Amino acid sequence: MEQIKVNSSQLDTYKKIWRVVQAIPSGKVSSYGAIADIAGLPGRARLVGKCLGQVPKDGFCGQPVPWFRVLRSDGSIAFPIGSEAFDRQKALLMDEGVFVKGRRINLNDFSWRPDLSELLALEQPY
DNA sequence: CGCCTGACTGAGG
DNA sequence: CCCTCAGCCAGGC
């Protein structure tokens, strides 16, 4: 992928986002806006997309960052249909049992709904 | 500062 | 279902 090009303050923001994304369980999905909210960055859904495009290839803190579990608020895959990224994301989702119909996923069936204890755990990672 | 571009969103048609 | 539009926030120029 691309080299990460952000200053240290933005890198902190990116790390917060990556950490939230890591909390999405296999077989579940979330949205850019929801991740932004949980990360304490309301209104910055587009930043989440940008950030996920720069996930370190080796993962973050020894754990992979499941970028493919993040979708648009309507449950659709953000990449254009037919693009390589689209196919990759769709395949990864289906691999873990997420049913992808055309370009979208039924959020009622697969949306991640963290309980309070999960969210609190994200506040105190170390 | 303006202008344009995004892995975005919500409301409408 | 599709598409459009205004609003949104960061960044680059």
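Reminder, nothing fancy here: chain letters follow the sequence lines and each chain counts from 1. Side chains included, hydrogens not; waters and symmetry mates left out as well; all remaining heavy atoms used. Here the structure is a predicted model, which is why all the values come from computation and not from measurement.
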* **Contact nearer the 5' end of DNA chain B, comparing A:Ala34 with A:Leu47** =>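 Nearer the 5' end of the strand: A:Leu47.
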
Please report the distance, rounded to the nearest Å, between [atom1] in [X] and [atom2] in [N].
{"X": "A:Tyr32", "N": "C:dG7", "atom1": "OH", "atom2": "P", "result": "24 Å"}
{"X": "A:Trp18", "N": "B:dA7", "atom1": "CH2", "atom2": "P", "result": "16 Å"}
{"X": "A:Leu41", "N": "B:dA7", "atom1": "CG", "atom2": "C1'", "result": "16 Å"}
{"X": "A:Arg44", "N": "C:dG7", "atom1": "CZ", "atom2": "C1'", "result": "16 Å"}
{"X": "A:Ile35", "N": "B:dA7", "atom1": "CD1", "atom2": "P", "result": "17 Å"}
{"X": "A:Ile77", "N": "B:dT9", "atom1": "CD1", "atom2": "C1'", "result": "18 Å"}
{"X": "A:Ile81", "N": "C:dC3", "atom1": "CD1", "atom2": "C1'", "result": "14 Å"}
{"X": "A:Leu52", "N": "B:dC8", "atom1": "CG", "atom2": "P", "result": "10 Å"}

* Between B:dT9, B:dA7, C:dC2, which one does the side chain of A:Ser31 approach most closely? ->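 Comparing B:dT9, B:dA7, C:dC2 against the side chain of A:Ser31, the answer is B:dT9.
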
* Among B:dG10, B:dA7, B:dC8, which is the nearest nucleotide to the side chain of A:Phe79? ->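 The nucleotide sitting nearest to the side chain is B:dA7.
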
* **Nearest heavy atoms of A:Ser73 and A:Ser31, plus distance in Å** =>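 Closest heavy-atom pair between A:Ser73 and A:Ser31: CA-CB, 4.0 Å.
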
* Smallest separation among heavy atoms of A:Gly27 and A:Phe110, with atom names ->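 That closest heavy-atom pairing would be O-CD2, 3.6 Å.
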
* Asked: Passes side chain to side chain contact (heavy atoms under 4.5 Å, CB included), A:Lys101 versus A:Asn106? Steps please.
  -> CA-CA 8 Å; A:Lys101 178 183 180 183; A:Asn106 187 323; over 6 Å; no

* Considering every strand shown, what is the Watson-Crick or G-U wobble mate of B:dG2 when both distances are under 3.5 Å? ->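 Answer to the pairing question: C:dC13, which forms a Watson-Crick or G-U pair with B:dG2.
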
* To do: Only one of A:Lys28, A:Gln89, A:Glu96, A:Gln22 passes side chain to side chain contact (heavy atoms under 4.5 Å, CB included) with A:Arg69; say which it is.
  =>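 Going through the options one by one, the only one that passes is A:Glu96.
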
* **Among A:Val70, A:Asp109, A:Leu107, A:Ile24, side chain to side chain contact (heavy atoms under 4.5 Å, CB included) partner for A:Val29** =>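 When A:Val70, A:Asp109, A:Leu107, A:Ile24 are each tested with A:Val29, the side chain to side chain contact (heavy atoms under 4.5 Å, CB included) holds only for A:Leu107.
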
* To do: Give one of base, sugar-phosphate or nothing for A:Arg46, where a contact means two heavy atoms less than 4.0 Å apart.
  =>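 It contacts base atoms.
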
* To do: Determine the Euclidean distance between corresponding C1' atoms of C:dC13 and B:dC1; express it in Å to zero decimal places.
  =>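 Nearest-Å result for B:dC1 against C:dC13 at atom C1': 12 Å.
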
